[in-house]
Amino acid sequence: MDTHGSGSRARAAWPRSVDEALAEQERMRGLADLTSPGPAPGNVRLVAGVDVSYARQGDALVAAAVVLDATTLETVEVALVEGTVTFPYVPGLLAFRELPPVMAALEKLTCGPDLLVCDGYGVAHPRRAGLAVQLGVLTGLPCFGVAKTPFVFGHQEVGEERGYGAALTSDDDEVVGRVLRTQPGVKPVFVSVGHAISLDHACAHTLRLAPRYRLPETTRRADHLSRERLRAITL
DNA sequence: GCGACAG
DNA sequence: ATCTTGTCGC
């Protein structure tokens with residue numbers, strides 16, 4: 001895929017310390033498009049999901065980028081990258097740990113997706129600059145995040161039926177995401193926008209990508225493939 | 001000051 | 001993220 005264009009403008013020295021990361025994160029947040037409605041499900045042909053698996057011992061990791069046909073959910077292309085950890089896990093700075101290998105995987109793709117889905121949060125983040133925000137800015141593609149566990153924002157009860165949701169609200173009454181029930185009677189997921197897409201569209205995509213399981217197929221497949229490759233090189 | 005804290 | 005046995009259900 002084309003990782004230049006609007007993406008190259010956002011690229012800078014990749015942080016190696018927490019202080020540098022905080023400064024870079026603030027810069028990236030300023031480059032994010034948080035107002036465009038972006039593509040509705042009907043306007044997306046290819047959607048890509050990314051994920052990273054880590055070895056329990058040592059610093060080996062494997063990143064996966066999986067492209068699906070947005071209509072049939074068939075896998076169109078897969079890219080895997082083996083690498084090593086270059087940044088520690090720090091709550092709020094996950095992007096600096098995961099994005100280097102994720103970008104490498106996306107660069108191996110021959111087809112250019114119209115939309116990116118990642119594990120974790122976008123603007124529903126302490127500094128409004130989660131993983132999905134930074135990935136969207138770096139690639140220039142519409143991007144949103146689907147997280148599996150709560151982070152910093154609370155919400156009201158969510159109906160048990162599939163498709164029901166409740167706003168994730170910041171202290172100042174700002175809607176920064178939505179807790180969304182993707183399967184009836186199953187723990188909901190946390191959707192938040194990253195770049196160039198609206199929360200409504202992000203939730204619509206999430207529901208279409210999760211017809212059978214709690215998590216979007218993009219995330220499920222990227223997770224399976226990266227984990228499978230990791231075990232192969234770890235043993 | 002102390003805990004909590006996406007993956 | 002990763003570790004980790006059995007168990008309930010389609």
Side-chain angles (χ1 to χ4, degrees), chain A residues 15 18 21-22 25 28-29 32 49-66 80-106 116-138 143-155 162 168-171 176-180 182-195 199 202 206 211-216 218-235:
Chain A
V18 168
L22 288 169
Q25 186 172 71
M28 302 270 266
R29 180 201 55 188
V50 295
D51 193 28
V52 182
S53 291
Y54 301 86
R56 51 190 183 91
Q57 255 180 344
D59 59 359
L61 61 78
V62 173
V66 182
L80 293 168
V81 167
E82 299 170 12
T84 56
V85 171
T86 60
F87 200 92
Y89 170 65
V90 179
L93 296 179
L94 178 64
F96 299 98
R97 178 178 175 82
E98 301 225 325
L99 292 193
V102 161
M103 287 299 291
L106 287 173
L116 261 30
V117 183
C118 50
D119 261 15
Y121 287 88
V123 296
H125 171 281
R127 293 170 297 279
R128 305 294 190 279
L131 187 58
V133 170
Q134 298 202 42
L135 183 58
V137 169
L138 284 176
C143 180
F144 66 92
V146 179
K148 301 179 287 297
T149 62
F151 191 17
V152 289
F153 299 112
H155 60 87
R162 169 178 153 89
L168 271 178
T169 309
S170 66
D171 308 309
V176 293
R178 187 178 302 162
V179 185
L180 182 66
T182 54
Q183 291 299 318
V186 174
K187 188 199 307 183
V189 297
F190 303 77
V191 179
S192 58
V193 308
H195 176 71
L199 180 57
T206 299
R212 168 64 174 135
Y213 299 100
R214 178 191 177 221
L215 297 178
T218 38
T219 296
R220 295 187 69 246
R221 291 179 203 175
D223 178 74
H224 283 157
L225 290 165
S226 62
R227 191 170 313 192
E228 183 178 60
R229 171 64 68 85
L230 182 66
R231 331 181 25 169
I233 67 176
T234 283
L235 298 185

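Residue numbers begin at 1 in each chain, while the letters A, B, ... track the order of the sequences.
- Atom CZ of R214(A) is separated from atom P of dC10(C) by 20 Å (rounded to the nearest Å).
- With sequence neighbours excluded, the residues that form a salt bridge (charged side-chain N to carboxylate O under 4.0 Å, His left out) with K148(A) are D119(A).
- Between L106(A) and L135(A), some side-chain heavy-atom pair lies under the 4.5 Å cut-off.
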Show every donor-acceptor pair shorter than 3.5 Å between a side-chain atom in residues 88-101 of chain A and any protein atom, with sequence neighbours excluded, or say none if there are none.
residue: R97(A); atom: NH1; partner: F87(A); partner atom: O; Å: 3.0
residue: E98(A); atom: OE2; partner: Y54(A); partner atom: OH; Å: 2.9

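- Side chains of V133(A) and V123(A) form a contact here, defined as non-hydrogen atoms less than 4.5 Å apart.
- Protein atom OH of Y213(A) is 18 Å distant from nucleotide atom P of dG9(C), rounded to whole Å.
- Counting only heavy atoms from C-beta outward, the side chains of R212(A) and R220(A) never approach each other to under 4.5 Å.
- R214(A) is linked by a salt bridge (charged side-chain N to carboxylate O under 4.0 Å, His left out) to nothing, counting only residues two or more places apart in sequence or in another chain.
- Scored by the side-chain contact (heavy atoms from CB on, under 4.5 Å) test, S170(A) finds R128(A), F153(A), D172(A), E174(A), V176(A) as partners (sequence neighbours excluded).
- Among the atoms of the strands shown, none is found under 4.0 Å from any heavy atom of R231(A).
- Both key distances under 3.5 Å define a Watson-Crick or G-U pair, and DNA chain C has no stretch of 3 or more such consecutive pairs.
- Residues L138(A) and M28(A) are in side-chain contact: their nearest non-hydrogen atoms beyond the backbone lie under 4.5 Å apart.
- Rounding to the nearest 0.5 Å gives a distance of 9.5 Å between OG of S192(A) and CG of L131(A).
- Listed by first residue number, the stems of DNA chain B with at least three Watson-Crick or G-U pairs below 3.5 Å amount to none.
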For this session: Starting at the 5' end of nucleotides 2-7 of chain B, put B wherever the base has a protein heavy atom under 4.0 Å, S where only the sugar-phosphate does, and a dash everywhere else.
Result: ---SBB
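- Contacts classified as salt bridge (Lys or Arg N to Asp or Glu O under 4.0 Å) and involving residues 82-96 of chain A (residues at least two apart or in different chains) are given here: E82(A)-R229(A).
- Nucleotides of DNA chain C nearest to R212(A) and D223(A) differ in position, and the one nearer the 5' end is that of D223(A).
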Pairs under 3.5 Å (N/O, protein and nucleotides 5-8 of chain C):
none

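- By the side-chain hydrogen bond (donor to acceptor under 3.5 Å, both in side chains) test, S53(A) pairs with S226(A), sequence neighbours left out.
- R231(A) is linked by a side-chain hydrogen bond (donor to acceptor under 3.5 Å, both in side chains) to nothing, counting only residues two or more places apart in sequence or in another chain.
- Legend: residues meeting ring-ring contact (aromatic ring centres under 6.0 Å, His included) with Y121(A), ordered by chain and number and at least two apart, are F151(A).
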